[in-house]
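Quick notes on the structure that follows.
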There are 2 protein chains.
Amino acid sequence: MTRSGRRPGPTETRAHILAAARAQFAAHGYRGATIRAIATDAGVNPALVHHFFGSKEKVFAAALDLPLNPDLVVTTLLAGPRDEIPERLVRLFLTLWSAPESSKSLHALIRSISTSEAAAAMLRQFLERAMLAKVTEALGIPRLRATAIASHLVGLALVRYIIKVEPLASATDDEVVALLTPVLRLYLTKD
Amino acid sequence: MTRSGRRPGPTETRAHILAAARAQFAAHGYRGATIRAIATDAGVNPALVHHFFGSKEKVFAAALDLPLNPDLVVTTLLAGPRDEIPERLVRLFLTLWSAPESSKSLHALIRSISTSEAAAAMLRQFLERAMLAKVTEALGIPRLRATAIASHLVGLALVRYIIKVEPLASATDDEVVALLTPVLRLYLTKD
């Protein structure tokens, strides 16, 4: 993959790995892509992919420029009283959609899943196998409820940040937290 | 607008009006477009636009091939005990997304709003001025809560029908109704 005779620097290598990862995820989906195949495509040792990214889910998040790290989500949710999980979840989500860089990636993600079945399939597999698997295990709630929570948050993003429907678009983060917290708490409460 | 010397039939006239409406909504947004301008563009009398569609919101829904008629939504919601409104709302929404024709339009709508700011603006104005205005008045709930309900439903569609995340994608309509009803009831309950 190296274009000149010199050895590529870490930034170049990282970029090569991400380009190979995008190609592999696009061709084989989240499930079908392997660290080994990505490494082969990038012309590096698989250990180097692990060194740069740590895991397939992290390569995926980086390849899609996705500010969604399942471990970070779980750590944030569990960092405090269980009763405050809904509030922490809404705040984390609002922060991701408000910060310029992550917001740009998330907008691009919504665009790609609504126009490309392949992108939707990749995100589906990532959510099912990485994000929801970890979050439901950490919170001890049924999968179906976790998808309901995810759907409310995704819809919040669409209505607040993309369609920009008032008064939700102009509501403060605190107002949105107050609005959604009781509802998410209901989903998190076991029957 | 007539291409031959003969007088156009009702199907042709309706199509001319819808083409003019799409152009007007695209150029001036939902708020800026008027029945008068649409009629002028279509080369017909404004009374004829009223005759075919009844109101600007209905021209809009027809122009976007949108199975969202605010009056129908309100009538459906109010057709029975108030306590069962959440269930009727979820069932109506699931029916629209399951029926082949309306589902096709809704998929196209999600695609267009996530790729076009103009389409997002049109839908925003339609939701704010027609749909949410009527629904919040009929149900007597604050606007912010109505947008929260709308966001949950939009996200449900995205996660269940577009990204197709399991187990939400394969859940039966009854399971989805049971899942969302208590949550929407919470939004509909006044503080």
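Heavy atoms only: backbone and side chains are in, while hydrogens, waters and symmetry mates are out.
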Salt bridge A:Asp173-A:Arg91, side-chain N to carboxylate O under 4.0 Å =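 Judged by the 4.0 Å cut-off on N to carboxylate O distance, A:Asp173 and A:Arg91 do not form a salt bridge.
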[X] versus chain A, heavy atoms under 4.5 Å apart: side chain, backbone, both or neither?
X: B:Ala171; value: side chain
X: B:Ile113; value: both
X: B:Leu127; value: side chain
X: B:Leu180; value: both

Chain B interface, residue from [options] that has the most non-hydrogen pairs under 4.5 Å:
options: A:Arg143, A:Gln125, A:Glu128; answer: A:Glu128
options: A:Ala120, A:Ser112, A:Pro167; answer: A:Pro167
options: A:Leu132, A:Leu153, A:Thr147; answer: A:Thr147
options: A:Val165, A:Val183, A:Val154; answer: A:Val183

Decide yes or no for B:Pro70 and B:Phe126: does some side-chain heavy atom of the first lie under 4.5 Å from some side-chain heavy atom of the second?
->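 Yes, their side chains come closer than 4.5 Å.
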In terms of ring plane angle, is the pair A:Trp97 and A:His107 parallel, tilted or perpendicular, where the classes change at 30° and 60°?
->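 Perpendicular: the ring planes of A:Trp97 and A:His107 meet at over 60°.
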Anything under 30° is parallel, anything over 60° is perpendicular, the rest tilted; go ahead and classify A:Tyr187 against B:His152.
->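 The arrangement is perpendicular - the two ring planes meet at more than 60°.
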Only one of B:Thr181, B:Ile149, B:Val177 clears side chain to side chain contact (heavy atoms under 4.5 Å, CB included) with B:Leu89; which?
->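 Between B:Leu89 and the candidates, side chain to side chain contact (heavy atoms under 4.5 Å, CB included) is satisfied uniquely by B:Ile149.
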State whether the side chain of A:Lys56 and the backbone N or O of A:Arg31 hold a donor-acceptor pair below 3.5 Å, judged by distance alone.
->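 Side chain of A:Lys56 to backbone of A:Arg31: a pair is present.
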Does B:Glu12 reach the main-chain N or O of B:His16 with its side chain, forming a donor-acceptor pair under 3.5 Å?
->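 Side chain of B:Glu12 to backbone of B:His16, a donor-acceptor pair under 3.5 Å: no, none is there.
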Select, from B:Leu179, B:Ile110, B:Leu123, the one with the greatest count of heavy-atom pairs under 4.5 Å involving chain A.
->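 Sorted descending by pairs with chain A, the first entry is B:Leu179.
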Which of B:Ile162, B:Val176, B:Leu156 touches chain A most, by non-hydrogen pairs under 4.5 Å =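 Option with the greatest count: B:Leu156.
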